[in-house]
Amino acid sequence: MASSRGRGPLLGALLASRLQSQLPTRLATRHVPRAAWPAVQHAVSTGSGGHRAAPSNVTAAIGDAFTSGIHVGMTVIAAVFLCAALASALLVHNRPHQTAVMAN
């Protein structure tokens, strides 16, 4: 169980870096004026939303970038589980159904 401690910060860093790297692309896709990008990026990185609601295109761009980060995180988790399953299938030799057949 001690090995699970490092996964949270690692996946959080992966999500945050993917969010920050995808945000400019998503802002451009949603036609957010370039002059507003620094304020949006600052708000996303600090978690401050200001005193008024963001326009719907800004909210959608942030959501798209966040979703992109979640997808990358889920892909990493799936790859880790696949490697663990493969390793256990190849390395675990305590298989009662096979030892019973070999004993007969």
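Computed from a predicted model, the values in this text were never measured in an experiment. Hydrogens, waters and symmetry mates are skipped; everything else that's a heavy atom, side chains included, is used.
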Separation of Ile62 CD1 from Gln22 CD (nearest 0.5 Å) = 14.0 Å
task = Please name all residues satisfying side-chain hydrogen bond (donor to acceptor under 3.5 Å, both in side chains) with Ser48, sequence neighbours left out, ordered by chain then number.
result = Thr46
Extract all donor-acceptor atom pairs below 3.5 Å that involve side chains of residues 65-83 and protein atoms in other chains or at least two apart in sequence.
| unit_1 | atom_1 | unit_2 | atom_2 | d |
| --- | --- | --- | --- | --- |
| Thr67 | OG1 | Gly63 | O | 2.8 |
| Ser68 | OG | Arg18 | NE | 2.9 |
| Ser68 | OG | Arg18 | NH2 | 3.2 |
| Thr75 | OG1 | His71 | O | 2.8 |

Review item, side-chain donor-acceptor pairs of residues 38-45, under 3.5 Å, at least two apart:
| unit_1 | atom_1 | unit_2 | atom_2 | d |
| --- | --- | --- | --- | --- |
| Ser45 | OG | Gln41 | O | 3.2 |
| Ser45 | OG | His42 | O | 3.1 |

request  = For the pair Trp37 (side chain) and Val32 (backbone), establish whether a donor and an acceptor sit closer than 3.5 Å, ignoring hydrogens and angles.
outcome  = yes
inquiry  = Please list all pairs meeting salt bridge (Lys or Arg N to Asp or Glu O under 4.0 Å) that have one or both residues in residues 62-87, counting only residues at least two apart or in different chains.
reply    = Arg30-Asp64
ask   = What pairs of residues pass the salt bridge (Lys or Arg N to Asp or Glu O under 4.0 Å) test when at least one of them lies in residues 35-51, not counting sequence neighbours?
value = none
query = According to the salt bridge (Lys or Arg N to Asp or Glu O under 4.0 Å) rule, which pairs have a member within residues 72-82, sequence neighbours left out?
reply = none
task = Specify the closest pair of heavy atoms between Leu14 and Ser17, including all atoms of both residues, with the distance to one decimal.
result = O-OG, 3.0 Å
query = Among pairs that include at least one residue of residues 37-60, which meet salt bridge (Lys or Arg N to Asp or Glu O under 4.0 Å), considering only residues two or more places apart or in two chains?
reply = none
